[in-house]
A.B. asks: 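Sharing a structure here in structure tokens format.
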Amino acid sequence: MSDSYVIIGDGIAGASAAETLREEAPDAEITVLTDEGESLYNRILIKEYAKGKLPEAPISIHQEDWYDDHDVDLRLNTVVVDIDVENDAVHTHDGETFEYDSLLLAIGGTPQQLPVENADADGIHHFWTFQDARNIKESVEGAETGVIVGAGLLGIDFAAICGAQDVEAKYLMRGDNWWRYALSEEGAEIMHEAMRERGVEPVFGSGVDHFEVDDDGRVEAAVDPNGERHECDFAGVAIGLNFNTELVEDTPLALDDGIVVDEFMRTDIDNVFAAGDITTFNDLILGERAKNGSWGSAKEQGTIAARNMVEYGSEAFEWVSSYSITHFDFPFLSFGHPTLGEDSVEATTADGEWRRVALKDGKVVGGVLIGDLSPQSAFKQLMREGRDVSDQTDALMEPGFSVDDLAAPTEQ
């Protein structure tokens, strides 16, 4: 009798798991349940669609016939309402039950809502799904003024969308600079200037106290905690994710800002695995529990989870993630965990080029590169090797840095 695998979620983590399971277990029964109404698409490209730079067609990755061709039972518009880990069964909103030998939870998160008055008004958008991108594109094309809230990697997408659609926008930030946990003011100012060139003005020491709406319930202004009023007929909110743990809160699964898994993507229940944004995983490179929401990380986690569902212990997840921003005239890349570490070094290496490397116990744990991305491979190699560079940090800032520029470990 063949094994049965159930995957909840058809994002890149769930889909890569389905691909790998079919390769590793040709005769297995594979079922994918998703509450979305369409099959796998590229979450990286949907921001280009919202900017008006791409049509819908290139964004799809798996058409529905891919699942038929690979004998994967895809159930769209299917909401899982209960997971019975004692009886190895999943129950859906329409009364169906799916039994499994192994279960993968790739259930991701939901955008956080601003806890302020009128935060659900028409014209206020969150950005997570393809349908969100469609709604944003339609809304921003008819807008004249905008407001963006959330000084992180998703917020910058809203800034780029407003800039591409010639919407004059205010980017409201609580701190003194964009992504202040990973960038100093010097590095962030490169990003600020790029925003300004596209008609998006950063506003520091700000935020949203409440939104004002017109008689039809559509947003017309954001009022910040200082009482300043910013007119807008479009607003983008990107303040983080609430991880979808409510589905498993009544199970014995361990939770810690997500579902806790080991380096093989297994939870503390032997036949239940998790992958993607939802996981708090054992980061073998960092040496502690960590989270990572990048596309590449989620894809790799799905692949590793599937291999270990077939044969537990066959391969561990060991990955240095990266995240690129391609909206501007210069490249931007973050790698590893740029917001962690107790120390850092940074430098402006040339006009419009800046880098910062985060360190923990003398080892590289992450960083940000603006303008010159050539050292990324060297920094990732140092992370994978766990090499102590505490007495050679100046070398990390040299233009054209490579690992060969460091003294050999035995010579240090």
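Values in this document were obtained by computation on a predicted structure and should not be read as measured data.
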A.B. asks: Have H337 and K360 got a donor and an acceptor in their side chains that come within less than 3.5 Å?
C.D. replies: no
A.B. asks: Counting only heavy atoms from other residues, nucleotides and ligands, does the tally under 6.0 Å from NZ of K299 exceed 12?
C.D. replies: no
A.B. asks: How long is the straight-line distance from CG of L153 back to CH2 of W179, given to the nearest 0.5 Å?
C.D. replies: 4.5 Å
A.B. asks: Using the side chain to side chain contact (heavy atoms under 4.5 Å, CB included) rule, take I148 and V200 through it: C-alpha gap first, then chi angles, then the decisive distance, then the call.
C.D. replies: CA-CA 9 Å; I148 302 154; V200 177; 4.1 Å; yes
A.B. asks: Does some side-chain heavy atom of F127 sit less than 4.5 Å from a side-chain heavy atom of P111?
C.D. replies: no
A.B. asks: Look at atom CD of E138 and say whether more than 12 heavy atoms of other residues, nucleotides or ligands are closer to it than 6.0 Å.
C.D. replies: no
A.B. asks: State whether the side chain of R22 and the backbone N or O of H70 hold a donor-acceptor pair below 3.5 Å, judged by distance alone.
C.D. replies: yes
A.B. asks: Does some side-chain heavy atom of R198 sit less than 4.5 Å from a side-chain heavy atom of F328?
C.D. replies: yes
A.B. asks: Could R196 and E189 be called an ion pair, given the rule that one side-chain N must be under 4.0 Å from one carboxylate O?
C.D. replies: yes
A.B. asks: Looking only at the side chains, is there a donor atom on one of D224 and S206 sitting less than 3.5 Å from an acceptor on the other?
C.D. replies: yes
A.B. asks: Can you see whether H91 engages T97 through a side-chain donor-acceptor pair at a distance of less than 3.5 angstrom?
C.D. replies: yes
A.B. asks: Report the C-alpha separation of Y323 and L333 in whole Å, then their side-chain angles, then the decisive distance to 0.1 Å, and conclude whether the side chain to side chain contact (heavy atoms under 4.5 Å, CB included) test is met.
C.D. replies: CA-CA 6 Å; Y323 188 97; L333 181 131; over 6 Å; no
A.B. asks: Quick one: do the T348 and E353 side chains pair a donor with an acceptor below 3.5 Å?
C.D. replies: no
A.B. asks: Atom CD1 of I278 and atom CD1 of I259: how far apart are they, to the nearest 0.5 Å?
C.D. replies: 4.5 Å
A.B. asks: State whether a side-chain donor-acceptor pair under 3.5 Å links Q63 with S60.
C.D. replies: yes
A.B. asks: Using only atom types and a distance under 3.5 Å, with no angle test, would you say the side chain of R180 pairs donor to acceptor with the backbone of L183?
C.D. replies: no
A.B. asks: Contact between T267 and F273 at the side-chain level, heavy atoms closer than 4.5 Å - yes or no?
C.D. replies: no
A.B. asks: Please check if the distance between the ring centroids of F264 and Y312 is under 6.0 Å.
C.D. replies: yes
A.B. asks: Among side-chain atoms of S374 and D372, is any donor-acceptor pair under 3.5 angstrom?
C.D. replies: yes
A.B. asks: Say whether S139 and H125, considering side chains only, have a donor N or O and an acceptor N or O under 3.5 Å apart.
C.D. replies: yes
A.B. asks: Is it true that, when you exclude D250 itself, more than 12 heavy atoms of the residues, nucleotides or ligands shown sit nearer than 6.0 Å to its CG?
C.D. replies: no
A.B. asks: Verify whether one side chain among R384 and Q381 offers a donor that lies under 3.5 Å from an acceptor in the other.
C.D. replies: no
A.B. asks: More than 12 foreign heavy atoms under 6.0 Å from CD of E144: is that the case here?
C.D. replies: no
A.B. asks: State whether a side-chain donor-acceptor pair under 3.5 Å links D256 with T280.
C.D. replies: no
A.B. asks: For D10 and H62, which I'm curious about, is there any donor-acceptor pair between the side chains at under 3.5 Å?
C.D. replies: no
A.B. asks: Output, in order, the C-alpha distance, side-chain angles, deciding distance and verdict of side chain to side chain contact (heavy atoms under 4.5 Å, CB included) for T110 and W128.
C.D. replies: CA-CA 8 Å; T110 303; W128 197 241; over 6 Å; no
A.B. asks: Would you say CD of E99 has more than 12 non-hydrogen atoms from neighbouring residues, nucleotides or ligands within 6.0 angstrom?
C.D. replies: no
A.B. asks: Determine whether the aromatic ring centres of F332 and W178 lie less than 6.0 Å apart.
C.D. replies: yes
A.B. asks: Can a donor-acceptor pair be found, under 3.5 Å and without considering hydrogens, that links the side chain of Y171 to the backbone of G150?
C.D. replies: yes
A.B. asks: So do T92 and V79 actually touch side chain to side chain, heavy atoms under 4.5 Å?
C.D. replies: no
A.B. asks: Using atom types as modelled and distance alone, determine if a side-chain donor or acceptor of E185 lies under 3.5 Å from a backbone N or O of D176.
C.D. replies: no
A.B. asks: Between E201 and H192, does any side-chain donor sit less than 3.5 Å from a side-chain acceptor?
C.D. replies: no
A.B. asks: One pair to check against side chain to side chain contact (heavy atoms under 4.5 Å, CB included): T78 and T34. What are the steps and the verdict?
C.D. replies: CA-CA 5 Å; T78 300; T34 176; over 6 Å; no
A.B. asks: Are S102 and N271 close enough that a side-chain donor and a side-chain acceptor fall under 3.5 Å?
C.D. replies: no
A.B. asks: Would you say the side chains of D132 and N135 form a donor-acceptor pair under 3.5 Å?
C.D. replies: no
A.B. asks: Is it true that E385 and K363 have a side-chain N and a carboxylate O under 4.0 angstrom from each other?
C.D. replies: no
A.B. asks: Take atom CD of E86 as the centre, draw a 6.0 Å sphere, and report whether it contains more than 12 heavy atoms from other residues, nucleotides or ligands.
C.D. replies: no
A.B. asks: For the ring pair H126 and F158, is the centre-to-centre distance below 6.0 Å?
C.D. replies: no
A.B. asks: Please check this pair: side chain of R387 against backbone of V403, looking for a donor-acceptor N/O pair closer than 3.5 Å.
C.D. replies: no
A.B. asks: Do side-chain atoms of E38 reach the backbone of E36 as a donor and acceptor pair under 3.5 angstrom?
C.D. replies: no
A.B. asks: Which pairs count as ring-ring contact (aromatic ring centres under 6.0 Å, His included) when at least one residue sits in residues 377-406, sequence neighbours excluded?
C.D. replies: F335-F379, F379-F401
